[in-house]
Peer 1: 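I am attaching a structure below and will ask some questions about it afterwards.
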Amino acid sequence: DTAVSQTPKYLVTQMGNDKSIKCEQNLGHDTMYWYKQDSKKFLKIMFSYNNKELIINETVPNRFSPKSPDKAHLNLHINSLELGDSAVYFCASSLGTGQSNYGYTFGSGTRLTVV
Amino acid sequence: AQSVTQPDIHITVSEGASLELRCNYSYGATPYLFWYVQSPGQGLQLLLKYFSGDTLVQGIKGFEAEFKRSQSSFNLRKPSVHWSDAAEYFCAVVFYGQNFVFGPGTRLSVLP
């Protein structure tokens, strides 16, 4: 069973479209995250949710909106896609936050290409 | 602000050779420390972590890392590299009251 699963794995779309990426974890973790990995492999946190509540919202355009219907799911919706949004988006989960964080479990990533 | 550096962007070693990947952090307190590996087209997998206690920690796939407080370092080592170890390696730290900070990554290539 996949611990953190993201769908879709690949997403190619045109500029201006709206798209969603879904993430689910079956680990019973209480915190979930979205990270963006750019072409230089740099990982940057976007959002963090703890028990369905937003706890981290880094400087991300408001075209990006996370939604957490329950603590096992954290979806990412992106409006009006731009070329610069092309990247790999990783979902992750952890037990605890801050220095009670015992390490992330990552999904396999969603490669978003905006054309 | 806290930061994590991995001085080597790309390292190439021969199969069977030993490996050391460097990681340094800058901040006053001792953080929790992690190493992750990302194989091509894959997500990140946790190799090992250090919270406290013995400064030499063992991880999966034959990796180990040593925490040196005086050098603010957490270097990853493997005595004999296998071709399947070719991947991107990320050091990560979490400081009190903060969230994870990832280093920029080191790409490992393995020559046959």
Side-chain angles (χ1 to χ4, degrees), chain A residues 2-10 21 23-25 27 29-50 54-60 87-113, chain B residues 1-6 8-11 21 23 25 27-53 57 59-60 63 65 74 86-109:
Chain A
T2 303
V4 180
S5 59
Q6 293 178 233
T7 54
K9 192 171 175 65
Y10 299 97
I21 307 172
C23 179
E24 176 182 4
Q25 55 96 3
L27 298 166
H29 287 170
D30 48 15
T31 308
M32 296 184 72
Y33 311 81
W34 278 109
Y35 273 81
K36 179 180 180 181
Q37 186 176 45
D38 61 24
S39 58
K40 295 183 179 178
K41 301 285 188 179
F42 183 68
L43 280 155
K44 181 175 170 57
I45 191 166
M46 300 174 69
F47 301 103
S48 171
Y49 269 73
N50 180 261
L54 180 66
I55 56 173
I56 290 177
N57 184 354
E58 292 295 314
T59 307
V60 175
V88 181
Y89 292 84
F90 284 101
C91 178
S93 70
S94 70
L95 195 62
T97 60
Q99 226 171 17
S100 295
N101 189 328
Y102 295 99
Y104 290 167
T105 300
F106 280 87
S108 57
T110 296
R111 183 174 294 278
L112 171 65
T113 303
Chain B
Q2 63 269 26
S3 67
V4 181
T5 57
Q6 293 179 244
D8 304 304
I9 296 173
H10 184 200
I11 284 182
L21 302 181
C23 172
Y25 64 90
Y27 196 66
T30 298
Y32 289 178
L33 299 149
F34 304 81
W35 274 100
Y36 284 85
V37 60
Q38 183 180 23
S39 297
Q42 301 297 314
L44 284 80
Q45 181 183 21
L46 180 65
L47 282 176
L48 47 76
K49 59 193 174 191
Y50 172 78
F51 293 159
S52 65
V57 293
I60 62 171
F63 285 92
F74 188 56
E88 192 89 19
Y89 290 80
F90 292 92
C91 180
V93 303
V94 59
F95 298 92
Y96 179 80
Q98 304 295 322
N99 213 60
F100 263 62
V101 177
F102 283 89
T106 296
R107 183 159 63 95
L108 174 66
S109 298

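First the proteins, then the strands, lettered A, B, ... as listed; each starts at 1.
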Peer 1: If you compare all heavy atoms of A:Phe90 against all heavy atoms of B:Gln38, which two are closest, and at what distance to 0.1 Å?
Peer 2: CZ-NE2, 3.1 Å

Peer 1: So, using side-chain hydrogen bond (donor to acceptor under 3.5 Å, both in side chains) as the criterion, who are the partners of A:Tyr35 when residues are at least two apart?
Peer 2: A:Tyr104

Peer 1: Using the ring-ring contact (aromatic ring centres under 6.0 Å, His included) rule, pick out the option among B:Tyr36, B:Phe34, B:Phe90 that qualifies with A:Phe106.
Peer 2: B:Tyr36

Peer 1: Which region of A:Lys9, side chain (C-beta onward) or backbone (N, CA, C, O), has a non-hydrogen atom less than 4.5 Å from a non-hydrogen atom of chain B, or is it both or neither?
Peer 2: side chain

Peer 1: For B:Ser109, check side-chain hydrogen bond (donor to acceptor under 3.5 Å, both in side chains) against everything at least two apart and list the hits.
Peer 2: B:His10

Peer 1: Identify which part of B:Gln45 has an atom lying under 4.5 Å from any heavy atom of chain A, answering side chain, backbone, both or neither.
Peer 2: neither

Peer 1: Does atom CD1 of B:Ile9 have more than 12 heavy-atom neighbours, drawn from other residues, nucleotides or ligands, at distances under 6.0 Å?
Peer 2: no

